[in-house]
Protein chains: 2
Amino acid sequence: MAPRAIRIRAAQVQSACASCSLQELCLPAGLNEDDLGRFDSLINRSRQVKRGDYLYRIAGPLQSLYAVRSGFLKSSMLVDDRRKQVAGFHMMGDLLGVGAIGTGKHQCDAAALEDSDVCEIPFQGLEDLSRDVPALQRQFNRLMSREIVRDHGVMLLLGMCAEERLAVFLVNLSQRYSACGDSGTQLNLRMTRDEIGSYLGLKFETISRELSRMQKKGLIRVKGKNIEIEDPKRLRELFGEHTNR
Amino acid sequence: MAPRAIRIRAAQVQSACASCSLQELCLPAGLNEDDLGRFDSLINRSRQVKRGDYLYRIAGPLQSLYAVRSGFLKSSMLVDDRRKQVAGFHMMGDLLGVGAIGTGKHQCDAAALEDSDVCEIPFQGLEDLSRDVPALQRQFNRLMSREIVRDHGVMLLLGMCAEERLAVFLVNLSQRYSACGDSGTQLNLRMTRDEIGSYLGLKFETISRELSRMQKKGLIRVKGKNIEIEDPKRLRELFGEHTNR
DNA sequence: CGAAATATTGAAGTTATTCAACTGGAGTGG
DNA sequence: CCACTCCAGTTGAATAACTTCAATATTTCG
């Protein structure tokens with residue numbers, strides 16, 4: 001696409017962040033030109049992660065935070081040093097690694113579900129620069145806070161039945177895809193039913209069944225990993241219809 | 001207790017934070033004497049919250065963060081503007097309100113389950129002071145990160161059965177009570193079975209039944225809101241014994 | 001003290017899981 | 001190019017786990 005090429009050209013002459021389409025969502029949001037340049041020289045741009053490779057591993061030392069530029073990743077945790085559970089799915093604009101700040105060690109594995117491109121932000125450098133650039137600090141705080149709120153959203157799944165959980169998942173994914181410029185109705189799932197199940201606290205057979213049920217209801221159309229949302233409104237109304245709990 | 005009285009005396013002559021027993025866990029951890037004084041003059045110490053009263057409400061503007069000095073609180077969210085769900089329980093040393101930083105509006109209700117005493121920390125002032133005091137900023141980042149990790153822990157509940165969830169809950173509570181200097185074996189629950197259930201994604205009858213089952217197994221001893229942990233080791237081993245999911 | 005809230009327990013009902021058989025599609029090698 | 005294999009996904013039937021409804025007991029608090 002032409003616009004993309006132009007942006008990349010611009011990046012080379014001045015600031016890579018200034019040219020990045022993630023700018024408004026990402027850490028340097030609200031920085032002036034000068035500070036943006038300083039932030040830019042801090043980061044190692046564009047680390048490639050091949051599908052199946054790890055960006056970082058549990059217990060590994062926190063070196064950098066990572067902003068996803070393109071691709072799709074999952075993070076996962078160990079429940080009792082045995083079972084693995086998916087903790088989240090990440091795409092363009094997401095910031096990874098913040099869970100490691102408290103202890104200095106990563107609490108999750110982060111693996112690419114498709115070839116991905118991330119922006120590596122050395123954490124020490126970020127902390128140092130934040131000191132001089134209040135706007136950067138504020139944006140960092142905001143992003144951390146948003147992560148907390150997002151996690152609270154996952155908590156709400158505990159009070160929901162399978163159908164509701166899956167509806168929440170699909171609606172959320174749809175919104176995030178839209179925000180990235182992808183289609184919000186033609187969802188190209190990058191994860192398996194098993195990974196969805198792990199994330200939602202359900203078995204993969206249940207995911208499969210619920211998808212079929214939603215299709216029968218005319219809410220979605222399932223073609224393997226491709227899911228078309230046919231009735232977004234009714235899908236959204238799905239959570240909230242049960243008065244349980 | 002004598003040491004406590006002495007600490008309070010010291011507070012009056014120099015810095016309240018310097019005298020606070022939460023100091024190592026709280027925001028000013030690692031600050032030198034001078035910075036501690038500046039932090040101290042920032043905060044409105046000791047706001048009382050009566051049992052049943054709210055510290056803040058959903059959608060209310062973020063004015064301050066709150067560090068719990070004593071007492072016990074819960075935070076809760078609305079699932080679909082109708083059902084309420086408990087998002088967490090808070091005690092001495094916990095920092096409340098960080099979820100509001102992203103949007104400037106509180107995402108949770110925070111209500112006292114018993115008469116509580118919190119330390120009010122004006123957020124704007126905290127941000128300003130953080131700029132000048134790197135150690136404060138770092139500690140703040142660490143606390144935010146820890147909150148994220150704690151929330152990730154709640155995520156793991158999704159993959160657990162009722163017995164495991166309750167075991168996790170009790171062990172966690174025990175550890176936090178211990179850290180506060182309370183008994184880690186004589187748990188004085190401040191919340192109802194219904195609130196535990198809401199937090200864990202279970203019905204209150206299930207909580208009641210599982211507590212009874214654990215008692216029959218000799219793991220705990222239930223006397224209403226007072227729960228004695230009889231076999232901490234086996235209780236901890238409870239999560240991890242099922243190979244599901 | 002006494003009303004109201006909270007907790008316990010049983011029985012029946014519902015939801016999600018388990019086990020198992022089968023389908024379909026992607027990738028590999030003959 | 002086709003056959004084969006492997007992995008992901010679907011679906012059915014039986015089972016297990018949790019919830020619902022209901023009756024009763026206990027605690028809390030004004």
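Note: hydrogens, waters and symmetry copies are ignored here, and every other heavy atom, side chains too, is used. Small disclaimer: the values here were computed from a predicted structure and weren't measured.
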[X] side-chain proximity, nearest of [options]:
X: A:Val222; options: C:dA7, D:dT10, C:dA16; result: D:dT10
X: B:Lys225; options: C:dT6, D:dC18, D:dT10; result: C:dT6
X: B:Ala162; options: C:dT8, D:dT19, D:dC18; result: D:dC18

### Query
Is the base of D:dT20 touched by the side chain of B:Arg209 through a donor-acceptor pair closer than 3.5 angstrom?
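Yes, the side chain and the base share a sub-3.5 Å donor-acceptor pair.
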### Base of D:dT28 paired with side chain of B:Arg51 (donor-acceptor, under 3.5 Å)
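Check fails, no donor-acceptor contact within cut-off.
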In whole Å, I'd like the distance from the [atom1] atom of [X] to the [atom2] atom of [N].
X: B:Leu158; N: C:dT15; atom1: CG; atom2: P; value: 19 Å
X: B:Phe204; N: C:dG10; atom1: CZ; atom2: P; value: 16 Å
X: B:Glu195; N: C:dA7; atom1: CD; atom2: C1'; value: 13 Å
X: A:Asp194; N: C:dA16; atom1: CG; atom2: P; value: 18 Å
X: B:Leu166; N: D:dC18; atom1: CG; atom2: P; value: 11 Å
X: A:Leu200; N: C:dA16; atom1: CG; atom2: C1'; value: 13 Å
X: A:Arg213; N: C:dA16; atom1: CZ; atom2: C1'; value: 11 Å
X: B:Ile227; N: C:dT8; atom1: CD1; atom2: C1'; value: 13 Å

### Query
With a non-hydrogen cut-off below 4.0 angstrom, is A:Thr192 in contact with a base, only sugar-phosphate, or nothing?
sugar-phosphate
### Task
Mind listing the closest non-hydrogen atom pair of A:Val68 and A:Leu96 along with its distance?
CG2-CD1, 3.7 Å
### Minimum-distance pair of heavy atoms, taken over all atoms of B:Met214 and B:Glu163
CE-O, 3.5 Å
### Message
If you assign each of A:Met191 and B:Glu205 to its closest nucleotide in DNA chain D, which residue comes earlier from the 5' end?
### Response
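Closer to the 5' end of DNA chain D: A:Met191.
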### Closest-nucleotide 5' rank along DNA chain C - winner of B:Thr206 and A:Glu210
B:Thr206
### Message
I'd like to know whether NZ of A:Lys223 has more than 12 heavy-atom contacts from other residues, nucleotides or ligands below 6.0 angstrom.
### Response
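Yes, the 6.0 Å shell around NZ holds more than 12 heavy atoms from other groups.
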### Query
Is A:Arg83 paired with B:Glu164 through a side-chain N to carboxylate O contact shorter than 4.0 Å?
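Yes, charged N to carboxylate O under 4.0 Å.
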### Task
Please name the residue in the list B:Tyr54, B:Tyr56, B:Tyr66, B:Phe123 that meets the ring pair (Phe, Tyr, Trp, His ring centres under 6.0 Å) test with B:His106.
B:Tyr56
